[in-house]
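This report refers to the structure that appears directly beneath it.
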Amino acid sequence: MLKDPSLLKQAALVGEHWIPADDTGIVVTNPATGETIGCVPSLGGAETEAAIKAADAAQKLWAAKTAKERSIILRRWYDLVIENADDLALILTLEQGKPLAEAKGEILYGASFIEWFAEEARRVYGDVIPGHAEDKRIVVIKQPIGVVAAITPWNFPNAMITRKAGPALAAGCAMVLKPAEQTPFSAIALAVLAQRAGLPDGLLSVITGPARAIGAVMTGSEKVRKLTFTGSTPVGVELMRQCAPTVKKLALELGGNAPFIVFDDADLDAAVEGAIISKFRNNGQTCVCANRIYVQSGVYEAFAQKLAAKLSTLKVGNGLEQDTIFGPLIDDKAIAKVEEHITDATSKGASLMCGGSVHALGGTFFEPTVLTGVTQDMAIASEETFGPVAPLFRFEEDADVVAMSNDTEFGLASYFYTRDLARAWMVGEQLEYGMVGINTGLISTAEAPFGGIKSSGLGREGSRYGIEEFIEIKYLCFGGIA
Ligand SMILES: NC(=O)C1=CN([C@@H]2O[C@H](COP(=O)(O)OP(=O)(O)OC[C@H]3O[C@@H](n4cnc5c(N)ncnc54)[C@H](OP(=O)(O)O)[C@@H]3O)[C@@H](O)[C@H]2O)C=CC1
Ligand SMILES: O=C(O)CCCC(=O)O
C-alpha cells in the first residue's frame, strides 16, 4: 500500500496540463504477476508538439533565474524524492519487477543526481582568455542549450530520468520526456514531486504513448536542441539519424558487452562477490552488467564453484517478498533472448553448471545460470544477454584477455580483479571502454562520469562533466578597448 496514493497517477503531463488515461490508454502490468497496475494515456505527435511549445516558453524564464534559485527548487525536489522513497520504490517494483530493496537503492541513487546537480547548478563557470590583440578581450560564457528531449528505458525507470533531468534543469534547460512503455508510473511520480517542489509549469513534461510517433516529433523539432537517450544501440542509431537534419546535440547511453576479468592473483572471494553484483544487478538487465566473465586458468574451477555455490543461496521471487534477490525479467522477449544464448552456447560445447531454465515459479522468472567452457565463437560473446546468465571464458595470458575483451563493437563498462598494481595500470589503460572497475563490480555514482565509447554511445552523465552536456559555449569578443 502506498502511503501517498496520489503518487500513482494515471495521467501524463503536457506542459501544465495533466491528461488522464481514458479507455484508449496503455495498460501497465506487473511483470511478476501479470496483474494490471493502471493505465496511462496514449498520446502522440500533437501532445508532443504542445509539450515542446510549453517547454520553449518556460525555458526562457527558467534560464533567466539565478543558478541559486534553480538550485533551491531542485534541492526541494530531491528532498521530496527522499521523503517519498518508500512509495517510489514500491511503484518501481510493481512496474519493473526488481526487488523492493534494490528499487529503494535505485530511488536513492536517482535522487543523488538531483542533489548533485542542484549543487553543480552554481558552478557553471565561464572563462576569461588572454587575448590576441591589445584592444581586445576574450570572454567565454556558458548558456543552457534550450529545450531537451529525453527518451528513457524500463530497466532504471527512476535513475535514468533524474540523471538527465537533474543536469538539464540545473543548467537552465527544459525537458520533454518519453519514458518506456512498461514503466511510466515512476516517471509520472517524479513529475508530481517536481511540481510539488515548485518547478515552474512547462519545464518538465512526461508524454506517454507510441515511441515512434513521439520520437519523430522530438527529433524533427527545430525547437528541441538536444536529445538524450538511454536504450538499445539500434534505436539510438535511428534517433541519431533522425536528429541529423536539425543538427541536434546528442547524448546516447546505449548497449554494452562488459568483460569481467579475474586474474590468477585476484582475491577470489572478492571477485565472486563483485561478479554477482556486476552480473546480476537488476537480474542482469543493466547495460553495465558483466556480459563475459574471463577467468585465468589457475583459478577457473575454483571461481566457477564459488560463484555457483553462492548463487544457489539467493532467492528468486516476487520483488515484494522479503529476501528476494532476483525478480522476474521484464517480458517474454527477454526470456527468449536468454534461452537463445544458452542454447547457442551449449550447442557449441559449453556446459551448464547451474540454472539454465525458466524458474519453477514460471512466468518470466529465470534461474540464475552459470555456463562454463564458453568461447569467443558463441553468440553470448558478442551480444548483450540482458539476463541472469554468467558465461565463464578461460584465458592464459594478459595480452590475450585484453584482446578478447576489446574484440567488440561496444565500449561501455569493463571490470577486472588483480592484486598487482602494475597490471592494474596496464590493463586499465588498455581496455577500450568508457569505464573500468578495478577490484569492484559497482562503478555507478553521481560523482563519476558514466558513459561509453564506440557503439555504446556518446557523452557522459553524472559528475561535473554531466552538466556540460546541456550547455552551449559562447565566446564574446570585446574590441575597441584602447
Ligand atoms: N543501455 C541500456 O540501458 C538499455 C539497453 N537495452 C537493450 O535493448 C534491448 C531492447 O530493450 P528495449 O526496451 O526494447 O530498448 P529500446 O531501445 O527499444 O527502448 C528504450 C526506449 O526507447 C524507446 N523507443 C523504442 N523505439 C523507438 C523509436 N523508434 N523512436 C523513439 N523511441 C523509441 C522506447 O519506448 P517504448 O518503451 O515505448 O518502446 C523506450 O522508451 C535490451 O534487451 C537491451 O539489450 C534496453 C534498455 C536499456
Ligand atoms: O543504462 C542502464 O542500463 C542503466 C545504468 C545503470 C547505472 O547507472 O549503473
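Note that ligands are numbered from 1 as they come in the structure, with each ligand's atoms numbered from 1 the same way. Numbers for residues simply follow the sequence, beginning at 1. Hydrogens, waters and symmetry mates are skipped; everything else that's a heavy atom, side chains included, is used. Bear in mind that the values here come from a model prediction, so they are computed numbers and not experimental data.
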Taking only heavy atoms of [X] into account, list the atoms of ligand 1 that are under 4.0 Å away from them.
| X | result |
| --- | --- |
| Trp154 | 11 (O), 12 (P), 13 (O) |
| Phe229 | 17 (O), 21 (C), 22 (O) |
| Asn155 | 3 (O), 48 (C) |
| Arg212 | 29 (N) |
| Leu239 | 30 (N), 31 (C) |
| Ile151 | 21 (C), 22 (O), 23 (C), 31 (C), 32 (N), 41 (O) |
| Ala180 | 37 (O), 41 (O) |

What is the nearest protein non-hydrogen atom to [atom], stated with its residue, atom name and distance?
| atom | value |
| --- | --- |
| atom 1 (O) of ligand 2 | Cys287 SG, 2.7 Å |
| atom 6 (N) of ligand 1 | Phe386 CZ, 3.7 Å |
| atom 40 (C) of ligand 1 | Thr152 O, 3.5 Å |
| atom 8 (O) of ligand 2 | Tyr109 OH, 2.6 Å |
| atom 4 (C) of ligand 2 | Phe156 CD1, 3.4 Å |

Do any nitrogen or oxygen atoms of Pro153 come within less than 3.5 Å of a nitrogen or oxygen of ligand 1?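 Between Pro153 and ligand 1, no N or O pair is found under 3.5 Å apart.
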
Within-cut-off N or O pair, Thr230 and ligand 1, under 3.5 Å: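 Between Thr230 and ligand 1 (N or O atoms, distance only) the closest approach is not under 3.5 Å.
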
Closer than 4.0 angstrom, basic N to acidic O: yes or no for [X] and [Y]?
| X | Y | result |
| --- | --- | --- |
| Arg460 | Glu469 | no |
| Glu253 | Arg163 | no |
| Glu340 | Lys337 | no |

Backbone of Gly172 reached by a side-chain donor or acceptor of Gln59 within 3.5 Å: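 A pair under 3.5 Å: yes.
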
Ligand 2 and [X], any nitrogen or oxygen pair closer than 3.5 angstrom?
| X | value |
| --- | --- |
| Thr230 | no |
| Thr286 | no |
| Gln285 | no |

Taking the non-hydrogen atoms of Glu384, is any one of them nearer than 4.0 angstrom to ligand 1?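 Within the 4.0 Å threshold, so yes.
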
Under 4.0 angstrom from ligand 1, any heavy atom of Phe156?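 No; Phe156 lies far enough from ligand 1 that no heavy-atom distance drops under 4.0 Å.
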
Cation-pi check, Lys178 to Phe229: give yes when NZ or CZ is under 6.0 Å from the six-membered ring centre and within 45° of the ring axis, no otherwise.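 The answer is no; the distance or angle limit is not met.
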
Look up atom 19 (O) of ligand 1 and tell me if a protein heavy atom lies less than 4.0 Å from it?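 Answer no: nothing from the protein, no heavy atom, is under 4.0 Å.
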
Mind checking whether Met160 contacts ligand 1 via backbone (N, CA, C, O), side chain (CB onward), both or neither, at a 4.0 Å heavy-atom cut-off?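 Neither; no heavy atom under 4.0 Å.
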
Thr286 contact mode with ligand 1 (heavy-atom cut-off under 4.0 Å):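 For Thr286, no heavy atom sits under 4.0 Å from ligand 1.
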
Can you tell me which portion of [X] lies within the under-4.0 Å heavy-atom range of ligand 2? Options are side chain, backbone, both, or neither.
| X | result |
| --- | --- |
| Ile443 | neither |
| Arg163 | side chain |
| Arg281 | side chain |

Identity of the nearest option to atom 36 (P) of ligand 1, non-hydrogen atoms only, from Gln182, Lys178, Glu253: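 Among Gln182, Lys178, Glu253, the closest heavy atom to atom 36 (P) of ligand 1 belongs to Lys178.
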
Partner of Leu88 under side-chain contact (heavy atoms from CB on, under 4.5 Å), chosen from Val81, Ile82, Leu108: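 It is Val81; the other options fail the test.
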
